[in-house]
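As structure tokens, the structure follows; a few thoughts come after it.
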Amino acid sequence: MGSEPVVIDGGDRSCVRLLLELRGHLAGLEPGTVVHLIASDPAAPIDLPAWCHLTGHAYLGPVAADTPTYALRVAERPRATEPDSPWRPAARG
């Protein structure tokens, strides 16, 4: 695991779309990786900590930067969410 965070630019995507894309990015990263997510959606500082709590990723908080940026740490075994809904835990089958 490197010491530099992985930077993901979420731009101005709405939080639902942003979380769907973020979930895909995180799936390819090693557990423990720190991610800095750039996200200008005004709901991001509320939605991102809640989503991290739901999935098991660690929300580390805002990062001092020129654009709104938030840090999180990739979980070893994140809890899955529904494919089209990042807010719903995946159905157990």
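- Summarising the geometry of Tyr70 relative to Pro62, their closest heavy-atom pair is CD2-CA, 4.0 Å, with the distance given to 0.1 Å.
- Across all their heavy atoms, Ala39 and Ala44 have their closest contact at CB-CB, 4.0 Å.
- Two different hydrophobic clusters hold Val6 and Val63 under the rule that ILVMFWY side chains link at heavy-atom gaps under 4.5 Å.
- At least one side-chain heavy atom of Leu29 sits less than 4.5 Å from a side-chain heavy atom of Val35.
- Closest approach of Gly56 to Ala75, counting heavy atoms only: O-CB, 3.3 Å.
- From Leu22, atom CG reaches atom CG of Leu37 across 5.5 Å, with rounding to the nearest 0.5 Å.
- If you take OG1 on Thr81 and CH2 on Trp87, they are separated by 10.0 Å, rounding to the nearest 0.5 Å.
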(request) Quick one: do Leu72 and Leu48 satisfy side-chain contact (heavy atoms from CB on, under 4.5 Å)? Show the steps, please. (result) CA-CA 9 Å; Leu72 61 100; Leu48 188 58; 4.1 Å; yes
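- Sorted by first and then second residue, the salt bridge (Lys or Arg N to Asp or Glu O under 4.0 Å) pairs with a member in residues 7-21 read Arg13-Glu21, Arg17-Glu21; sequence neighbours excluded.
- Rounding to the nearest 0.5 Å places CG of Leu19 at 6.0 Å from CH2 of Trp51.
- In terms of heavy atoms, Pro68 sits closest to Ser40 at CG-CA, 4.3 Å.
- Separating the CG atom in Asp41 from the OG atom in Ser14 is a distance of 6.5 Å, to the nearest 0.5 Å.
- Atom NE2 of residue His36 and atom OG1 of residue Thr69 lie 8.0 Å apart, to the nearest 0.5 angstrom.
- Under the salt bridge (Lys or Arg N to Asp or Glu O under 4.0 Å) criterion, no residue pair touches residues 60-89, with sequence neighbours excluded.
- Note on Val74: it does not cluster hydrophobically with Leu60, by side-chain heavy-atom contacts below 4.5 Å among ILVMFWY residues.
- Note that CG of Leu26 is 8.0 Å distant from OG1 of Thr55, once rounded to the nearest 0.5 Å.
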(message) As a quick check of understanding, evaluate side-chain contact (heavy atoms from CB on, under 4.5 Å) for Asp47 and Leu18, giving each step before the final call.
(response) CA-CA 10 Å; Asp47 291 347; Leu18 178 68; over 6 Å; no
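- Side chains of Pro89 and Leu54 form a contact here, defined as non-hydrogen atoms less than 4.5 Å apart.
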